[in-house]
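The structure appears below as structure tokens.
Read the numbers this way: they start at 1 and go in the same order the structure lists the ligands and their atoms.
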Amino acid sequence: MPAVTTQPQPTEDVSGDAYHRLADRFGILYPLQAKPLMESVKRVIEAAQVKRPERLRALDRLRAASPDWKARSGESVYTFYVDRMAGDLSGLIERLDYLQALGVRWLHPLPLLKAREGDSDGGFAVQDYREVEPSLGTMADLERLAQELHSRDMGLLLDVVCNHTAREHEWARRAREGDPRYRAYYHVVESAEAVAAWEETLIDVFPDTAPGSFTHDPDMGGWVWTTFYPFQWDLNYANPDVFLEMLEVLLFLANQGVQGFRLDSAPFLWKREGTSCRNQPETYQIIEAFRAALDLAAPSVVLLAEAIESLDDVLPFFGREAPACGLAYNNGVMTALWGALADQDAEPVNRVLTAAAARPDHAAWLNYVRCHDDLIWNALSAYAGFADLERWSTFYDGAGFSNGRRFQTAPGGVPSTNGMASALVGVGKPGVDQDLALARLRLLYGVIHALDGWPLIYMGDEIGLGNDETYRLDPERAAEGRWLHRPAMDWARASEAARGQGSAGAIFRSLRRFGEAARELNELGVTGRTVPLDVGDRRLLAFTRTAGQPFVCLANLSPETVALNEPIDGVETPWDVLTHQAVTAGPLTLQPYQILWLAERS
Ligand code: GLC
């Protein structure tokens with residue numbers, strides 16, 4: 001099997017040295033306050049330990065007994081907005097049978113904590129971390145959901161918007177009222193000159209809809225740091241009180257039964273003049289400290305880094321000197337996959353896969369095709385040339401088979417892409433061969449299930465749900481292109497699909513099969529990191545896994561039939577895990593966009 005280079009491996013110890021890990025991080029982050037902070041953190045941890053319900057302690061023990069549980073294939077995650085999926089949390093509980101039938105193991109509802117009124121960036125402007133958004137239900141409903149999932153052997157991954165609060169959060173409200181304690185929770189810059197100095201090296205996230213990274217607030221007598229929308233106030237993690245507050249939030253939610261946290265906007269936690277204020281070393285230290293504290297109070301809880309950055313900046317989110325996140329979005333591979341599909345050339349994916357293999361052993365990638373955000377080409381700039389990124393951005397802006405749309409980008413960048421997966425592959429687009437469009441969707445999901453890591457399904461992709469153009473009729477959302485790919489679930493179609501009917505039924509069956517097949521890989525002993533293979537034809541994406549039994553995934557990125565002249569290295573008597581069919585000896589032929597998962601027939 002090919003050799004891979006990995007990052008230095010952080011220690012695996014889950015409790016023994018956790019206090020030391022905390023103390024080390026505090027010594028670096030908060031040298032002057034490290035001691036009293038440690039005392040406070042200890043109290044918070046001990047209180048959370050006492051409150052941890054027995055069923056969750058049992059889960060902690062179970063996961064501790066198989067420390068490599070995250071490495072298993074087929075830990076499928078389903079992500080969605082609660083309101084668009086099921087109205088509210090009670091409605092969601094009624095849909096669990098559907099999700100279970102799809103084979104999903106984890107639910108990741110997008111933010112559901114109490115958001116500010118009006119525009120809240122899809123819930124990413126939290127007003128209260130201890131309350132559920134009233135239109136979605138109550139904390140008791142959340143706990144009920146968590147328990148219901150637990151009893152089905154499923155888990156709940158919750159968004160914690162840890163980089164910023166809503167301007168209406170109590171901390172921000174008190175800051176606006178002049179309380180110095182809470183003013184120090186945020187970054188307030190007092191002169192226009194200072195703002196300009198910071199802005200010189202910052203890159204706007206939403207240059208069209210929210211230009212600049214600061215918002216003048218008369219109540220605050222200055223400019224508040226607002227990386228995203230003006231109503232999203234960045235927290236000041238250089239203040240240890242902020243760390244402590246957010247830790248309390250995490251532990252509170254963990255004890256409600258949340259089994260994992262998506263740390264939203266993780267790259268932005270630490271600010272340093274003269275930099276882009278993304279992915280600063282202290283950011284990684286903060287997350288390592290969160291991990292250490294969780295190891296003491298809720299060790300089975302997994303952390304997911306939402307860091308849509310260059311792969312080299314994402315890797316440290318897994319931890320540098322100590323474990324940090326157990327999961328991170330594999331956005332590099334995802335983006336490269338779309339590029340490869342446009343070009344019918346596996347090369348960009350191969351480059352990123354090779355680099356992604358540097359993840360540490362304790363961590364897993366979250367592999368995905370689409371999510372609720374735009375597809376950010378700029379984050380791939382270390383692995384693809386500017387001309388490639390531009391070509392892909394243009395392609396998915398409605399050219400060729402695609403029916404996507406470009407999204408805002410900072411000057412000098414390449415526009416991102418919006419659109420549902422099915423629209424990007426051409427489902428429903430006039431003049432596009434629909435069998436091929438569906439085969440493309442199937443291929444993408446087949447690939448992300450075969451990679452090492454957890455596969456993520458974005459709501460609606462399992463039934464080929466298309467773009468939602470109606471967002472433009474809603475004045476609150478009209479200017480925000482990402483709503484194009486946040487449609488309401490089509491339950492008539494979904495129920496049909498779950499019964500295996502129609503073209504949606506075929507997609508549903510394929511996605512369900514990918515999840516099952518991924519779990520079969522565990523039984524077959526196929527494991528280890530993903531490593532690309534050169535099969536002599538760049539139209540074929542080919543990769544293997546570095547440990548256990550032989551396995552080769554082959555995906556034809558082209559609309560042509562491709563014959564392989566060479567036998568596949570490593571698999572003697574190939575058998576397709578997806579169909580359980582033997583693969584005939586002799587030259588292999590892949591139909592347009594066909595995907596095969598070859599393993600050794602046992
Ligand atoms: C993350 C979310 C995105 C949101 C932003 C600000 O990137 O995924 O939807 O706009 O954070 O919270």
Does G122 have a heavy atom less than 4.0 Å from any atom of ligand 1? no
Passes side-chain contact (heavy atoms from CB on, under 4.5 Å), F261 versus L157? Steps please. CA-CA 5 Å; F261 294 113; L157 262 169; over 6 Å; no
Do the ring planes of F214 and W198 sit parallel (below 30°), tilted (30 to 60°) or perpendicular (above 60°)?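 Ring orientation, 0 to 90° scale: tilted.
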Does the plane of the ring in Y98 sit parallel, tilted or perpendicular to the ring in F508? Use 30° and 60° as the thresholds. tilted
Proximity winner for atom 9 (O) of ligand 1, if only heavy atoms of V161, D373, V205 are counted: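 That would be D373.
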Just going by heavy-atom distances, which of N163, L110, D374, D121 is nearest to atom 4 (C) of ligand 1?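 Comparing heavy atoms across N163, L110, D374, D121, the nearest one to atom 4 (C) of ligand 1 lies in D121.
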Could you tell me which atoms of ligand 1, counted from 1 in the order shown, lie closer than 4.0 angstrom to a heavy atom of [X]?
{"X": "R482", "result": "3 (C), 4 (C), 9 (O), 10 (O)"}
{"X": "S265", "result": "1 (C), 5 (C), 6 (C), 11 (O), 12 (O)"}
{"X": "H164", "result": "6 (C), 12 (O)"}
{"X": "H372", "result": "2 (C), 3 (C), 8 (O), 9 (O)"}
{"X": "Q232", "result": "6 (C), 12 (O)"}

We want to know whether Y237 and T283 form a side-chain donor-acceptor pair, criterion being a heavy-atom distance below 3.5 angstrom.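 No.
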Going by atom types only, do T409 and N378 share a side-chain donor-acceptor pair under 3.5 Å? yes
Is it the case that the ring center of F268 lies less than 6.0 angstrom away from the ring center of F228? yes
Does ligand 1 have a heavy atom under 4.0 Å from the side chain of R262, from its backbone, from both, or from neither?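 Side chain only; the backbone of R262 stays clear of ligand 1.
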re atom 1 (C) of ligand 1, the protein heavy-atom contact at minimum distance is D264 OD1, 2.8 Å
Residues which pass ring pair (Phe, Tyr, Trp, His ring centres under 6.0 Å) with H449, listed by chain and number, not counting sequence neighbours: F514
